[in-house]
Amino acid sequence: GDWHRTSKCGPVSVERRAWGRGGGAPGGGGSGSEEVEDQPAGAGDEINAATSVPLHSAGSDKVAGSALPRHEFVEYAPAVFHSLRLMAGFTPELYLTSLNAGLLLETIRAQKFSDGRSGSFMCFSPDGRLIIKTVPAAESAVLQRIVYPMHRHLSENGDSLLLRVLGHYAIDIDSLPQPLAVVVLGNLFAGAPLDIHDKYDVKGSWVHRSVGASRPSGSCGMDTDLKSHGHKLRLSAQARDAVLKQLEADTMFLADLNVMDYSLLIGFHFHDRNAATARIDLPDKGRRGLSTPPASIYGQLSVMRAHDDSATYLFGLIDTLCAYDAKKKRERFFKVFVLCKDREGISVQPPVPYKDRFLKAIRELCDTSVDQAKTSC
């Protein structure tokens with residue numbers, strides 16, 4: 001399949017550079033050492049034969065009756081992402097309807113980006129099913145490198161807790177200082193039948209991993225906040241073992257690809273709380289239609305019930321595009337030897353130690369009282 005597809009749209013067709021195999025990522029900074037992973041021999045025909053879904057489709061060049069500015073899309077690995085979307089339950093029609101590319105372009109155009117970098121921006125699709133975010137050039141290069149192994153891993157691990165990446169694009173709009181690298185993710189909390197009362201981003205590190213007592217209601221806490229609140233994952237032994245086994249497979253996959261600095265996003269719904277409290281922070285219009293989300297986007301391990309029926313938990317591995325490269329090695333050196341930070345407690349670790357510390361933190365988060373109760377009987 002083609003590695004990238006270019007679509008030029010707008011009142012004037014403007015010649016732009018297409019970022020593809022060996023070309024680095026938009027915004028500059030692409031490392032020559034981060035080469036794109038070739039499609040493995042014998043990859044499934046569904047990848048090679050898939051029809052790509054460019055963002056620009058009939059009717060998407062108009063927003064509120066006005067023409068969009070001149071723009072260009074580069075769609076990375078259209079065939080493999082098409083296959084990933086089908087695995088997640090997104091037909092081409094559903095994906096385009098959910099994404100609403102015209103509104104997305106208008107929203108991006110309205111953002112304020114600095115000239116010195118590609119900027120940072122995240123939003124939900126109008127129906128709340130998708131998360132659209134810009135990523136730096138280094139993360140774009142990592143995604144290009146790992147997309148085929150990621151497809152293979154998800155094909156073999158239907159209950160993987162990896163957040164699903166459903167598309168990767170470079171977007172060049174005349175009104176922006178430079179092109180943007182954009183990824184489209186499946187929203188873990190979309191369509192959740194329960195309110196999310198609390199949520200945490202857990203890495204297993206402890207240096208600067210607290211939002212603090214002033215954390216606004218509904219915002220995401222970190223490792224130290226979770227410990228201070230005393231929340232535990234009260235899973236049955238069977239459920240706990242299944243989740244940990246899958247996390248071990250997912251994090252080993254990431255370590256093999258030299259990826260670290262990911263975290264487990266955990267959403268808590270407490271069954272004894274009023275249903276009106278602390279709803280998930282989606283825009284109001286994004287909550288409509290969430291009663292019928294794509295059912296297969298995440299496996300059964302992503303939603304688990306406490307063994308004592310006290311809570312329901314939602315799990316997803318997020319931020320999985322950070323490589324332990326030369327920049328991260330310099331960051332670790334500076335924090336340890338210049339700032340004198342705890343070398344074991346900072347987030348930046350080599351991939352295997354990072355994986356081991358992360359899994360240790362999740363195991364410690366699990367309540368083992370159910371095992372002790374069984375032993376005493």
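FYI, side chains are in, hydrogens and waters are out, and symmetry mates aren't considered; it's all heavy atoms of this structure. Everything numeric in this text was worked out from a predicted model, so none of it was measured.
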Could you give the distance from [atom1] ([X]) to [atom2] ([Y]), rounded to the nearest 0.5 Å?
{"X": "I346", "Y": "K203", "atom1": "CD1", "atom2": "NZ", "answer": "11.0 Å"}
{"X": "R240", "Y": "T368", "atom1": "CZ", "atom2": "OG1", "answer": "7.0 Å"}
{"X": "H307", "Y": "Q238", "atom1": "NE2", "atom2": "CD", "answer": "13.5 Å"}
{"X": "S155", "Y": "N157", "atom1": "OG", "atom2": "CG", "answer": "9.0 Å"}
{"X": "M122", "Y": "L185", "atom1": "CE", "atom2": "CG", "answer": "9.0 Å"}

Inset, instruction - May I ask you to check if R85 and Y95 form a cation-pi contact, with NZ or CZ under 6.0 angstrom from the six-membered ring centre and within 45° of the axis? - result: yes
Do [X] and [Y] come within less than 4.5 Å of each other through their side chains, counting heavy atoms only?
{"X": "H168", "Y": "V183", "value": "yes"}
{"X": "L365", "Y": "I266", "value": "yes"}
{"X": "F268", "Y": "Y200", "value": "yes"}
{"X": "M260", "Y": "L254", "value": "no"}
{"X": "T134", "Y": "I171", "value": "no"}
{"X": "H231", "Y": "D198", "value": "yes"}

Legend entry - NZ/NE/NH1/NH2 to OD/OE distance under 4.0 Å, R305 and D309: yes
Legend entry - Presence of salt bridge, K327 and E331, under 4.0 angstrom: no
Give a yes or no on whether [X] and [Y] share a hydrophobic cluster (residues Ile, Leu, Val, Met, Phe, Trp, Tyr; joining criterion: side-chain heavy atoms under 4.5 Å apart).
{"X": "L163", "Y": "F124", "value": "yes"}
{"X": "F334", "Y": "V207", "value": "no"}
{"X": "M252", "Y": "L257", "value": "no"}
{"X": "L235", "Y": "L359", "value": "yes"}
{"X": "F121", "Y": "L130", "value": "yes"}

Legend entry - Near-ring test Y324/Y354, centroid separation under 6.0 angstrom: no
Inset, instruction - Check K360, R363, K355 against E248 for a salt bridge (Lys or Arg N to Asp or Glu O under 4.0 Å) and give me the one that passes. - result: R363
Legend entry - S205 vs S347, side-chain hydrogen bond (donor to acceptor under 3.5 Å, both in side chains): CA-CA, chis, key distance, verdict: CA-CA 5 Å; S205 57; S347 292; 3.1 Å; yes
Legend entry - Residue pair S140, Q144: steps toward the side-chain hydrogen bond (donor to acceptor under 3.5 Å, both in side chains) verdict: CA-CA 6 Å; S140 175; Q144 294 176 54; 3.3 Å; yes
Would you list the atom pairs, donor with acceptor, under 3.5 Å between side chains in residues 311-319 and any protein atom, with sequence neighbours excluded?
unit_1 : atom_1 : unit_2 : atom_2 : d
T312   : OG1    : H271   : NE2    : 2.8
Y313   : OH     : K232   : O      : 3.4
Y313   : OH     : R234   : N      : 2.9

Legend entry - Residue among D223, D201, T320 satisfying side-chain hydrogen bond (donor to acceptor under 3.5 Å, both in side chains) with S263: D201
